[in-house]
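These notes concern the structure reproduced below.
Basis for what follows: all heavy atoms, side chains included, without hydrogens, waters or symmetry-related copies. In what follows, every chain begins at residue 1, and chains take the letters A, B, ... in the order their sequences are listed. Quantities reported herein were computed from a predicted structural model and do not represent experimental measurements.
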Amino acid sequence: MNTKPARTRLAPSPTGRFHLANARNALYSYLVARQTGGQFILRIEDTDQSRFVPGAEEVIVRSLEWLGIAPDESPYRGGSHGPYRQTERRDIYQQYARELVEKGHAYPCFCTPERLQQMRKEQETRKVERVRYDGLCRQLEPGEAARRVTAGEKYTIRFKMPQDGSTTAHDHIRGDITVENQYLDDYVIVKSDGLPTYHLAAMVDDHEMKITHVLRSAEWLPTFPLHVQIIRAFGWDEPVWVHPSILLKPSGKGKMSKRDSAAAMQDGHSIFVDDLKGLGYTPEGVLNWIALMGWGVAEDDVMTLGQMTERFSIDNLTPSPAAINFQKLDHFNGTHIRLLTTEDLAGRIKPYLTGAGLEVQNETLLKVTPLIRERLVTLDDSLTFASFFFKESVEPEPQDLVAKGLDARQSAAIARNSLEILSPLPDVSHSVAEPPMREYVERSGFNAGQVFGILRAAVTGQKVSPPLFESMEIIGREKVLQRLKHAINILEGM
RNA sequence: GCCCCCAUCGUCUAGUGGACUAGGACGCAGCCCUUUCAAGGCUACGACCGGGGUUCGAAUCCCCGUGGGGGCACCA
């Protein structure tokens, strides 16, 4: 367990949607911050203006809030280490880039995109070991370079990678990762528009914002040595680096593609957090699900956020890629729904019901909720299990009113007998209505499944429903009798 | 092609040299409960990638294969 307050961050770019991997990094970062009494920070990495998607930032914030892991510092909440949007930190990067150039760790590069493209093409046709920058501008005299810069020539700034030896970087999950420097490139750290690339911006910001633990996707592993080199060039302390594993598509064959996402959506699932709510998932279920992709828990894996905060440790993260398993999401969602109090659950279900045009009375909803709770996988399942409680009348399929092994005439007779039994009763509560109906089953020679099946279809309008007598009690005598009469009419017309 | 990472049931994982007959969860199958569907309970099926070492002893450490994944931009 960490003892010093940790500062962690989530640094997404507002270029697309907020997906599972983002959410999982956010969760782990949040957990580390919480358990050490530190801060979790949201920083927007918007240096690539060509890929900027309007509204993406809002989706990120909304998703984090919905999950219940909102940041302590962010562009919206502010904080003492802002600004939290990289485009607003332009001058800071400029200053640090200049420092790198002055120290001889970086140099201006005047190569045009066209030249670079051609260079790569040539390298490929020559089948060179590795396609990379050829170092043309690295050779330039610093004075000459400075003259061209002041002359107004367009340029980028490249990091001067050591050409001999190797770089060892330490990942908390994987241990030391060593790469021969000759395989590393002179990466561009400031673009010709004056904005930094990730490599510079993230290192500068993590330092400036006093980040102690960097949790980021394993996709960064290949440039990890570069990042460490940049930090060493500045002479800064390194944070604890944690690279949680890549998330794979359900088949385990590669990352999720656009096509895979569409397929998941078809199936009532999604890898995008802002879809999950509409699909009926709870933050608790989603959180528990993503927490366990790459976090090894031996037993008792159903956890709330609070329990995760107590139990989480970056020591228990796994290095191997994990396939996304939506069945497990359903499982966790269902179990967390069952853990909710009746009031809480009712409140969460209501929007799905009213959203479907149903008129929902809170009093009734509170009675219905315990009946459907253990049947729900997603919150919108409440529609299939509870709609009939809130409808004036119900329209059963004629064939559903015919009991198994019987014909329409026999079924109609059972329905009529049931009506005769229920009509004189003061009410159709469970304790009042069930005994005489049980007695009828005994006496009639039909089995319970047949009799109650007809009654269920008549009263609920469907073959599958919550327990029959409990349901009738909530629906009430008048409506029950009404629906039963309606069913008799249908059966007699068959 | 080059570089990097990874390797236990179908999937997510526990396991840090002897307590492993390899544990849990999801899923799957069966049974119990039951007026339907669930939930719940019980049971079953199911894995240490291969080969070499190291060691009295290896799922665990090392090497080599093989397989899988990721990355090779003035994107993050």
Q | Watson-Crick or G-U counterpart of C26(B), or none if no pair lies under 3.5 Å | A | G10(B)

Q) Which part of the nucleic acid does I177(A) contact within heavy-atom distance under 4.0 Å: base, sugar-phosphate only, or nothing? A) sugar-phosphate

Q) On the ring face of F272(A), is R17(A) found with NZ or CZ under 6.0 Å from the centre and within 45° of the axis? A) yes

Q.
For the P atoms, the ones on G52(B) and on C5(B), what distance do you get once it is rounded to whole angstrom?
A. 26 Å

Q: Round to a whole Å and report the spacing from CG of L339(A) to P of G40(B).
A: 11 Å

(Q) In the structure I gave you, are the side-chain heavy atoms of F224(A) and R216(A) within less than 4.5 Å of one another anywhere? (A) yes

Q: Among the candidates C74(B), A39(B), A76(B), find the nucleotide nearest to the side-chain atoms of R51(A).
A: A76(B)

Q. Side-chain contact, heavy-atom cut-off 4.5 Å: F332(A) with L292(A)?
A. yes

Q | d(CZ, R115(A); P, A73(B)) in whole Å | A | 15 Å

Q: Consider the side chain of D48(A), meaning its heavy atoms from C-beta on, and name the nucleotide among U36(B), C75(B), C37(B) that approaches it most closely.
A: C75(B)

(Q) Within the structure provided, determine whether Y96(A) and E208(A) are in side-chain contact (heavy-atom separation under 4.5 Å). (A) yes

Q) L353(A) versus L365(A): any side-chain heavy-atom pair under 4.5 Å? A) yes

Q: Determine the interatomic distance between P on G23(B) and the same-named atom on C6(B); round to the nearest Å.
A: 27 Å

Q. Between E124(A) (CD) and C2(B) (C1'), how many Å, whole number?
A. 11 Å

Q) What's the CZ-P distance between F159(A) and C74(B), to the nearest Å? A) 16 Å

Q.
Does A73(B) have OP1 or OP2 under 4.0 Å away from a side-chain N or O of K191(A)?
A. no

(Q) Over all strands shown, is R126(A) touching base, sugar-phosphate only, or nothing at heavy-atom distances under 4.0 angstrom? (A) nothing

**Q.** Residue whose nearest RNA chain B nucleotide is more 5′ - E219(A) or E45(A)
**A.** E219(A)

Q | Given U35(B), A76(B), C4(B), the nucleotide with the shortest approach to the side chain of L221(A) | A | C4(B)

Q.
Less than 4.0 angstrom between a side-chain N/O of K249(A) and OP1 or OP2 of G69(B), yes or no?
A. no

(Q) Distance to the ring centre below 6.0 angstrom and angle to the axis at most 45 degrees; does that hold for R148(A) and F110(A)? (A) yes

Q: May I ask you to list the residues of residues 446-455 of chain A, by number, that have any heavy atom positioned under 4.0 Å from an atom of RNA chain B?
A: A448(A), G449(A), F452(A)

Q. R132(A) near the nucleic acid: base, sugar-phosphate alone, or nothing, with a heavy-atom cut-off under 4.0 Å?
A. nothing

Q) Does the cation-pi check pass for R158(A) over Y187(A), that is, NZ or CZ under 6.0 Å from the six-membered ring centre and within 45° of its axis? A) no

(Q) Given the structure, check if the side chain of T156(A) and the base of C74(B) hold any donor-acceptor pair shorter than 3.5 Å. (A) no

Q | Approximate separation, where rounding is to 0.5 Å, of N417(A) CG and M437(A) CE | A | 8.5 Å

Q. Between A76(B) atom P and Q49(A) atom CD, what is the distance in whole Å?
A. 11 Å

Q: Write down the distance separating the C1' atoms in G46(B) and G40(B), rounded off to the nearest Å.
A: 24 Å

Q) Contact class for T15(A) vs. all strands (heavy atom < 4.0 Å): base, sugar-phosphate, or nothing? A) nothing

**Q.** Nearest-angstrom distance, C1' atom, C48(B) to G67(B)
**A.** 16 Å

Q: Write down the partner of A59(B) under the Watson-Crick or G-U wobble criteria, each distance required to be under 3.5 Å.
A: none

**Q.** Distance test, side-chain N/O of Y183(A) to OP1/OP2 of C3(B), below 4.0 Å
**A.** yes

Q.
Going by purine N1 to pyrimidine N3 plus the second Watson-Crick contact, or the G-U wobble pair, all under 3.5 Å, which nucleotide sits opposite G46(B)?
A. none

Q) If you check every side-chain atom of K253(A), which of G68(B), U35(B), C74(B) has the closest atom? A) G68(B)

(Q) Over all strands shown, is F469(A) touching base, sugar-phosphate only, or nothing at heavy-atom distances under 4.0 angstrom? (A) base

Q. Is R373(A) touching bases, backbone alone, or none of the nucleic acid, heavy atoms closer than 4.0 Å?
A. nothing

Q | Closest listed nucleotide, where the reference is the side chain of V464(A) and the choices are A76(B), C6(B), U36(B) | A | U36(B)

Q: Write down the distance separating the P atoms in C31(B) and A38(B), rounded off to the nearest Å.
A: 14 Å

Q | Close side-chain approach of L10(A) and L64(A), heavy atoms under 4.5 Å | A | yes

Q | Protein proximity profile, nucleotides 8-14 of chain B - base contact B, sugar-phosphate-only contact S, no contact -, cut-off 4.0 Å on heavy atoms | A | ---SBSS

Q) Base, sugar-phosphate, or nothing: which does P466(A) touch, judged by heavy atoms less than 4.0 Å apart? A) base

(Q) Expressed as a whole number of angstroms, how long is the span from I60(A):CD1 to A76(B):C1'? (A) 12 Å

Q: Assign each of E299(A) and K463(A) to its nearest nucleotide of RNA chain B by heavy atoms, then name whichever residue's nucleotide is nearer the 5' end.
A: E299(A)

Q: Look at all strands and tell whether P319(A) reaches a base, only sugar-phosphate, or nothing, counting heavy atoms closer than 4.0 Å.
A: sugar-phosphate

Q. Which part of the nucleic acid, if any, lies within contact of C109(A), taking any heavy atom under 4.0 Å across all strands shown: a base, the sugar-phosphate backbone alone, or nothing?
A. nothing

**Q.** Whole angstrom value for the distance that separates P of C5(B) from CH2 of W241(A)
**A.** 16 Å

Q: With C1' as the reference atom in both, quote the distance from G71(B) to G10(B) in angstrom, rounded to an integer.
A: 29 Å

Q) Nearest-Å distance, CD (Q123(A)) to P (C3(B))? A) 15 Å

**Q.** Euclidean distance for P, C62(B) against A76(B) (whole angstrom)
**A.** 37 Å

Q: Tell which nucleotide pairs with A39(B), taking only Watson-Crick or G-U wobble pairs whose two distances are both under 3.5 angstrom.
A: none

Q | Test item: D48(A) and Y198(A) side chains (from C-beta on) under 4.5 Å apart, heavy atoms | A | no

Q: Check whether any side-chain heavy atom of I490(A) lies under 4.5 Å from a side-chain heavy atom of P396(A), and answer yes or no.
A: yes

Q | Atom C1', compared across G69(B) and C32(B): separation rounded to whole Å | A | 44 Å

Q.
Centroid separation under 6.0 Å, is that true for the rings of F452(A) and F469(A)?
A. yes

Q: Measure the spacing between CH2 of W295(A) and CG of D301(A) and express it to the nearest 0.5 Å.
A: 10.0 Å

